[in-house]
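Here the structure is laid out as structure tokens; the discussion comes afterwards.
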Amino acid sequence: MSSAPARPEPASGGGAGVVPRHVAIIMDGNGRWAKKRMLPRVAGHRKGADAVRAAVRTAGELGIEALTLYAFSSENWRRPADEISDLMGLLRHYLRSEIDELDANGVRFRIIGDHSRLESDLVRMLEEASERTAHNRGLTLVIALNYGAQDELVRVARSLAADAKAGLLDPAAIDAEVFESRLDTQGLPPLDLLIRTSGETRLSNFLLWQAAYAELMFVDTLWPDFNGDALRDAVAAYGRRERRYGGL
Ligand code: FPP
């Protein structure tokens, strides 16, 4: 018997005027934004961090439950060392300068990805931010760091195989729900809307399992220009789409 896919019920999102519960964004185009202005790439990333602040504020205002941002992919290690260091520095700065306000606004902070390759002080800051805000009940802000969907799926497969080998899990009992319970995104609402900025039309190894029933939206705006109104427009366009989850 094949197991039913773990899929959200239609009531959880989509349809006229409905606000998506979980929005994910591939924040692309910082480098091109800077290049157009003959600025160094880091200037684009800095402006990108401002766009993150705007997106978080707007997501909270719209009543979105979870916002997942692709801040650093497992493939981004291929970038020059100084750019990687700039990105990590911006993240440190963002955490230091925003955590009080995020906490005061009821935002729950969470990270996904494999953190074994990140610098230990940054991991500590990220963990502290997650622990400090764990009890909050507002928007869940999820930052994907050293995240790759294939890596996430391999980690799930390994953990299931290890439990099966140890006799703790019957392989026949593995279904979509069991699988999902071991993903980094465990416990988050189903992904309703995935946005990529800058005109690229790829998923680039982001949330491949979670995107199974998500609405995909590709917008031309470069990430640093993606302001609160742009997110409101995307959410309004989502509300006009019809989601059928394989039904009629
Ligand atoms: C893609 O632009 C963007 C990134 C790889 C990183 C996103 C990082 C930020 C927005 C800054 C800090 C993040 C947080 C959470 C505070 P790109 O450099 O690939 O642009 P390009 O394709 O135009 O070169």
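Each ligand, and each atom within it, is numbered from 1 in the order the structure gives. All figures in this text were calculated on a predicted structure; none of them were measured in a lab.
- Side-chain N/O atoms of Arg196 and Ser204 include a donor and acceptor closer than 3.5 Å.
- Not a single donor-acceptor pair under 3.5 Å links the side chain of Thr58 to the backbone N or O of Ala55.
- Checking Asn30 against His45 by side-chain atom types alone, a donor-acceptor pair falls below 3.5 Å.
- Considering backbone and side-chain N/O atoms, Tyr94 never comes within less than 3.5 Å of an N/O atom of ligand 1.
- Panel note: side chain Arg32, backbone Ser198; a donor-acceptor pair is recorded below 3.5 Å.
- No N or O atom of Trp33 sits closer than 3.5 Å to an N or O atom of ligand 1.
- Each of Leu126, Leu139, Thr140 was evaluated against Phe109; a single residue qualifies, Leu126, per the side-chain contact (heavy atoms from CB on, under 4.5 Å) test.
- Neither the backbone nor the side chain of Leu69 has any atom closer than 4.0 Å to an atom of ligand 1 (non-hydrogen atoms only).
- The closest approach between Arg79 and ligand 1 falls below 4.0 Å for a heavy atom of the residue.
- In this structure, Glu119 places its CD atom where only 12 or fewer heavy-atom neighbours from other residues, nucleotides or ligands lie under 6.0 Å away.
- Protein heavy atom nearest atom 1 (C) of ligand 1, with residue, atom name and distance: Met27 O, 3.0 Å.
- Some N or O of Asn30 is nearer than 3.5 Å to an N or O of ligand 1, by distance alone.
- Remark: ligand 1 atoms within the under-4.0 Å shell around heavy atoms of Trp223 are 10 (C).
- With a heavy-atom cut-off of 4.0 Å, Glu98 does not touch ligand 1 at all.
- For the pair Gly31 and ligand 1, the shortest N or O to N or O distance falls below 3.5 Å.
- Under 4.0 Å is where a charged nitrogen must lie from a carboxylate oxygen, and between Asp28 and Arg202 no such pair does.
- Heavy-atom separations between Arg41 and ligand 1 include at least one value shorter than 4.0 Å.
- Remark: ligand 1 atoms within the under-4.0 Å shell around heavy atoms of His45 are 11 (C), 18 (O).
- Cluster membership check: Leu90 does not share its hydrophobic cluster with Val142, using side-chain heavy-atom separations under 4.5 Å among Ile, Leu, Val, Met, Phe, Trp and Tyr.
- In the vicinity of Leu91, heavy-atom distances shorter than 4.0 Å reach the ligand 1 atoms 14 (C), 15 (C).
- Considering Ala71, Ser198, Gly29 only, the shortest heavy-atom separation from atom 7 (C) of ligand 1 involves Ala71.
- With respect to the salt-bridge test (charged N to carboxylate O, under 4.0 angstrom), the residues Arg155 and Asp184 qualify.
- Note: no N/O pair closer than 3.5 Å links Asn76 and ligand 1 by distance alone.
- A cation-pi arrangement is present between Arg37 and Trp33 under the rule of less than 6.0 angstrom and at most 45 degrees off the ring axis.
- Ligand 1 has an N or O atom lying under 3.5 Å from an N or O atom of Arg32, backbone or side chain.
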